[in-house]
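Structure record follows, encoded as structure tokens.
Everything numeric in this text was worked out from a predicted model, so none of it was measured. Any value given below was found using the heavy atoms of this structure, including those in side chains, with hydrogens, waters and symmetry copies removed.
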Amino acid sequence: MTAGRELGGFPYGQEQKKGDGGMKLHGTSQVNEQGQLCIGGVEATELVKQFGSPLYVMDEAAIRANCQAYYQGFVASGAGEVIYASKAFMTMAMCRLIESEGLGLDVVSGGELYTAKQAGFPMERVYFHGNNKTDEELALALDYGIGCIVVDNHFEMKRLDKLAGERGVKVPVLLRITPGIDCHTHDFVRTGQIDSKFGFTLPTGQAAEAVGAVLACENLDFLGVHCHIGSQIFELASFQYAAEVMMGFADELRAKFGCTIRVLNLGGGFGIRYTEKDDPADVADYARLVIEAVQQEAQKRNMPVPKLVVEPGRSIVATAGTTLYTVGSIKEITGVRKYVAVDGGMTDNPRPALYGSKYEALLANKANQPNEEVVTITGKCCESGDMLIWDLSLPKVESGDILAVTCTGAYNYAMSMNYNRIGRPAVVFVRDGEGSVVVKRETWEDLVRNDQIPASMLR
Ligand SMILES: *Cc1c(COP(=O)(O)O)cnc(C)c1O
């Protein structure tokens with residue numbers, strides 16, 4: 001696994017600047033001499049010609065480089081395991097990529113589990129999360145021979161013990177713990193504080209009691225504990241603190257039950273740079289810091305060092321994704337605002353409407369032209385909230401221009417929907433001057449595929 005590669009003469013991994021010195025570009029994205037945005041060595045306008053618009057473009061080399069940074073940080077040193085949180089962006093091709101980079105997979109539903117299985121992903125490298133797994137999902141996981149189930153609550157623990165017993169297997173489990181850590185991030189993506197739908201609460205004593213219960217389950221093999229303190233976190237100290245709190249908890253378990261945890265899973269949540277306001281750390285620093293924190297805590301408490309597991313989602317794929325749209329109608333309200341409508345919107349990227357998320361964008365076909373006007377990018381849904389970017393500086397915008405919204409690799413395709421019966425765009429992986437479709441564009445036929453007209457209405 002080699003880190004860094006050269007593409008088109010640009011040292012890979014360095015962020016390139018757009019022609020006018022404005023926004024940063026990630027991965028292999030660059031502006032060529034003709035002023036065209038290129039991703040993976042292909043002009044964005046060419047990708048739209050070939051695969052249609054709107055289009056999700058994933059920079060394969062960038063995803064692999066992110067995987068490799070995690071592998072180098074956590075796995076190569078022997079400290080632990082990296083499992084990709086597939087909910088950020090999941091397709092069968094992505095499962096193959098993750099497998100080839102030596103990472104594991106975290107799934108949160110029967111659908112994600114089934115996708116991994118269909119892609120031939122090794123089931124012993126899969127962790128299954130979720131706060132309300134059904135019997136059907138648990139049975140599927142057991143029948144597939146899943147690596148580990150992260151038990152979220154007592155209702156699940158009892159049913160899983162029974163289902164495993166019926167199959168004569170002892171299933172490896174982690175317990176999901178809510179450590180009560182309040183980190184500085186958006187409320188909707190904050191999952192570590194006490195008031196959460198996820199996991200067993202640590203500060204109230206519920207978590208320790210749950211470990212007692214899991215140890216008493218004949219068909220569950222208690223590996224250790226898990227926590228996930230939130231998402232889009234920039235302060236490395238939050239992860240360090242989580243490691244300390246969880247190791248303290250492990251110490252408490254040793255005193256109480258005489259058990260040692262073999263695995264400490266600290267979840268995901270590492271932040272990425274969506275806009276210039278975001279300032280993420282390096283994965284290497286993140287790895288060094290948490291590995292050291294766990295080692296120090298173990299030493300201090302005279303405990304064996306558990307295997308460390310992390311579950312990055314966003315930081316593997318977000319910066320590798322670019323959504324290409326075609327500009328359609330433009331409406332100017334003199335002295336108020338200029339609306340530029342694109343051929344997608346909240347259906348392919350619900351995050352601005354859902355979380356108020358901020359994105360940057362450029363005109364792919366005018367990438368070296370200076371900014372001339374401030375516009376607001378809106379989608380095509382019948383919904384006033386269908387806004388993608390407010391007050392964006394761009395060169396003079398015309399209908400037919402290709403707008404490239406950057407950093408859309410995580411929680412965009414994964415959260416896409418068919419509101420207004422708009423089909424999902426195709427997803428294309430680009431690499432070394434070539435694009436390959438990994439998810440086909442949804443057609444109008446796809447949209448009516450599951451519709452049925454009751455016989456009484458056919459008469
Ligand atoms: C969402 C989630 C992740 C991934 O979070 P990112 O912010 O995308 O890194 C990891 N683990 C669990 C349990 C999650 O719910």
Side-chain angles (χ1 to χ4, degrees), residues 63 67 70 81-153 155-176 191 197-199 214 217 219-224 226-228 231 263 265 267-268 309-314 316-317 409-417 424 427 438-439 450:
I63 307 176
C67 290
Y70 270 99
E81 204 181 331
V82 175
I83 56 178
Y84 166 63
S86 62
K87 69 171 194 242
F89 172 79
M90 173 68 146
T91 77
M92 284 169 53
M94 185 63 189
C95 291
R96 282 295 176 89
L97 187 159
I98 289 297
E99 201 275 322
S100 71
E101 293 297 339
L103 309 191
L105 209 58
D106 145 6
V107 301
V108 294
S109 72
E112 287 185 355
L113 180 58
Y114 181 79
T115 305
K117 179 72 176 172
Q118 291 301 109
F121 197 89
M123 285 295 130
E124 67 278 7
R125 275 158 57 186
V126 179
Y127 286 63
F128 191 6
H129 277 283
N131 71 314
N132 194 19
K133 305 176 188 83
T134 64
D135 278 355
E136 193 188 5
E137 289 174 321
L138 291 172
L140 186 72
L142 292 172
D143 293 341
Y144 282 171
I146 198 162
C148 181
I149 295 186
V150 184
V151 174
D152 185 274
N153 53 71
F155 177 62
E156 177 186 344
M157 193 192 297
K158 285 195 207 80
R159 287 179 303 129
L160 181 61
D161 189 34
K162 179 164 169 286
L163 289 166
E166 284 164 9
R167 287 163 175 76
V169 295
K170 193 159 175 150
V171 59
V173 298
L174 293 178
L175 286 198
R176 176 157 185 171
T191 46
K197 74 168 185 170
F198 295 107
V214 83
C217 290
N219 310 301
L220 306 183
D221 179 15
F222 176 62
L223 292 185
H226 165 278
C227 72
H228 173 70
S231 201
V263 174
N265 184 327
V309 178
V310 289
E311 302 170 327
R314 188 191 312 274
I316 297 281
V317 284
Y411 305 111
N412 271 231
Y413 169 68
M415 284 186 163
S416 61
M417 56 177 150
R424 290 178 177 79
V427 186
V438 299
V439 183
N450 291 325

Restricting to non-hydrogen atoms, name the atom on M90 and the atom on T115 that form the minimum distance, rounded to 0.1 Å.
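Where M90 meets T115 most closely, the heavy atoms are CE-CB, 3.9 Å.
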Flag side-chain contact, heavy atom, 4.5 Å: [X] against [Y]:
X    : Y    : result
V151 : V214 : no
E156 : L138 : yes
M94  : F89  : yes
M157 : V173 : no

**Q.** More than 12 heavy atoms of other groups within 6.0 Å of K170 NZ
**A.**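 Enclosed: over 12 neighbouring heavy atoms sit under 6.0 Å from NZ of K170.
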Kindly check if the number of other-residue, nucleotide or ligand heavy atoms within 6.0 Å of CD (E136) is above 12?
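Not buried by this count: 12 neighbours or fewer within 6.0 Å.
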Discussion item. Whether K133 and D152 form a salt bridge (side-chain N of Lys/Arg under 4.0 Å from carboxylate O of Asp/Glu) is what I want to check.
Written reply: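 No, no charged N to carboxylate O under 4.0 Å.
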Would you compute the distance between atom [atom1] of [X] and atom [atom2] of [Y] and round it to the nearest 0.5 angstrom?
X    : Y    : atom1 : atom2 : result
L103 : Y84  : CG    : OH    : 10.5 Å
N265 : L223 : CG    : CG    : 10.5 Å
N132 : F155 : CG    : CZ    : 7.0 Å
L113 : Y127 : CG    : OH    : 15.0 Å
L163 : L140 : CG    : CG    : 11.5 Å
I149 : L175 : CD1   : CG    : 12.5 Å

Looking only at atom types and distance, does a side-chain atom of [X] sit under 3.5 Å from a main-chain N or O of [Y], one as donor and one as acceptor?
X    : Y    : answer
N219 : D161 : yes
E137 : S109 : no
N153 : N131 : yes
R424 : S416 : yes

Applying salt bridge (Lys or Arg N to Asp or Glu O under 4.0 Å) as the test, list every pair that has at least one member in residues 85-99; sequence neighbours left out.
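Matches after skipping sequence neighbours: E99-R125.
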Side chain to side chain contact (heavy atoms under 4.5 Å, CB included) with C67: of L97, V317, V82, only one passes, and it is L97
Report task. List the steps and the verdict of side-chain contact (heavy atoms from CB on, under 4.5 Å) for I316 and I63. Result -> CA-CA 6 Å; I316 297 281; I63 307 176; 3.9 Å; yes
Exercise for review: Give the C-alpha distance, both sets of side-chain angles, the deciding distance and a yes or no for ring pair (Phe, Tyr, Trp, His ring centres under 6.0 Å) between H226 and H129.
Suggested key: CA-CA 10 Å; H226 165 278; H129 277 283; 4.5 Å; yes
